[in-house]
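Quick one: the structure is below, and I'll ask about it shortly.
Counting starts at 1 for both ligands and their atoms, following the listed order.
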Amino acid sequence: MKRISLTQYLVEEQRQNNSIPAELRLLIEVVARACKTISHAVGKGALGEVLGTAETENIQGEVQKKLDIISNEILLEANEWGGHLAAMASEEMESIHPIPNRYPKGEYMLLFDPLDGSSNIDVNVSIGTIFSVLKAPEGMGQPTEADFMQPGTQQVAAGYAVYGPQTMLVLTTGNGVNCFTLDREMGSWVLTQRDMQIPAKTKEFAINMSNARHWHAPVKRYVDELLAGETGPRGTNFNMRWIASMVADVHRILNRGGVFMYPADLRDTSMPGKLRLMYEANPMAFIVEQAGGAATDGQQRIMEIQPHKLHQRVPVFLGSRDEVAVVTGYHQA
Ligand code: AHM
Ligand code: MG
């Protein structure tokens, strides 16, 4: 098999489809290199003294794990000096991180969840990094949070790395979805899946069932019908998976279909769901749509939501088109 590296793929995309400007290519390569470093730290586990909890909380009031902080630092340091970015934002930082004045500034803005699936870090279950790339608004001066308030449709690239039995990078620049596997010996990303497509139909769903008693009626109705199986209104049996790492759940869905749900519920109406719009839901929605799937908040396309806060949360229904349409339809009924 002829091996195509991430670099070669990006250069060819730039030449053939003109879909990746040189600066964006550089930015993606730097993010991919940072993910390689994170993968290395994750892989060391206890041997690298990276497991366990740090003594801090993030802006969402969640206790940070050591690897959350390490991964955030790795991404910041890798991306600060290259000249391709104007600012960054992260799940682990309250406010945006403008590029320091000692470095040249570029026209892109990078958002990330440095290590998603934090509850799985210490138990050796797959976790990941999610990222989204926006363009800085025309004529932007010193970047502010307002410059980031762009709907997901404005993303120019999005991707995730999943740190599992294999480390993989899944990427879109708006021209389909491709997957690269990290060759750990060579230290290089190798193209292993081209043009990933999510089957429109599925018999597999993913939701944290322990929250069932808090769900709103449309979610309850939908999941009850799935659980009723072949004797219920759907007339067929459904299977369930829940990894509690969005990256790993989405990766499974990209490969064999499925519907992933993290709905809002009745517990705290000021908190619409758990997942964050700007650096979790939007990049995943971009990837899923580019692979022929769908992503809504129950009412509308996630990518069309106008954000108003960097860390805002959003209900998420994504994956195989037909099932996302059913559950979204129940919300609109
Ligand atoms: P995190 O960014 O703090 O890791 O939280 C996001 C994660 C998702 O990866 C996952 O789908 C979800 O939280 C799991 O939540 P729960 O613990 O409620 O099952
Ligand atoms: Mg997360």
Exercise. Do the two ring centres, one from Phe317 and one from Phe260, sit under 6.0 Å apart?
Worked result: no

Problem set entry | Output field: ring centroids Tyr222/Trp215 closer than 6.0 Å | no

For this session: Using a strict 4.0 Å cut-off to heavy atoms of Asp113, name the atoms of ligand 1 that fall inside it.
Result: 2 (O)

Exercise. In ligand 1, which numbered atoms sit nearer than 4.0 Å to a non-hydrogen atom of Gly117?
Worked result: 4 (O), 9 (O)

For this session: Consider every N or O of Ser119 and every N or O of ligand 1, then say whether any pair is closer than 3.5 Å.
Result: no

Problem set entry | Gln290: which of Thr173, Asp195, Val177 passes side-chain contact (heavy atoms from CB on, under 4.5 Å) | Val177

For this session: Before signing off on this row, confirm whether Glu280 and ligand 1 have an N or O atom pair separated by under 3.5 Å.
Result: yes

Exercise. Heavy atoms only: which of Lys65, Glu91, Met284 is nearest to atom 3 (O) of ligand 1?
Worked result: Glu91

Problem set entry | Flag for Asn208-Ser210: side-chain donor and acceptor within less than 3.5 Å | yes

For this session: May I ask you to check if ligand 1 and Asp249 share an N or O to N or O distance below 3.5 Å?
Result: no

Exercise. Do you reckon Phe286 sits in the same ILVMFWY cluster as Ile305, going by side-chain contacts under 4.5 Å, direct or chained?
Worked result: no

Problem set entry | Centroid-centroid under 6.0 Å between His311 and Tyr279 rings | yes

Problem set entry | Hydrophobic cluster partners of Val123 (side-chain heavy atoms under 4.5 Å) | Val125, Ile243

Exercise. So, is Phe260 polar-close to ligand 1, with some N/O to N/O distance under 3.5 Å?
Worked result: no

Exercise. Counting each atom of ligand 1 from 1 as listed, which ones have a heavy atom of Ala244 under 4.0 Å away?
Worked result: 9 (O), 10 (C), 14 (C)

For this session: Compare Lys274, Met209, Met246 and give the one whose heavy atom is closest to atom 9 (O) of ligand 1.
Result: Met246

Exercise. Just checking, is any N or O donor in the side chain of Ser5 or Ser188 under 3.5 Å from an acceptor N or O on the other one?
Worked result: no

Exercise. If hydrogens are left out, which of Asp116, Asn208, Ile121 has an atom nearest to atom 19 (O) of ligand 1, that is, the closest non-hydrogen atom?
Worked result: Asn208

Problem set entry | Which of the ligand 1 atoms, numbered from 1, are nearer than 4.0 Å to a heavy atom of Ser245 | 9 (O)

Seminar exercise, completed: Counting from 1 in the order shown, the ligand 1 atoms closer than 4.0 Å to a non-hydrogen atom of Arg276 are 1 (P), 2 (O), 3 (O), 5 (O)

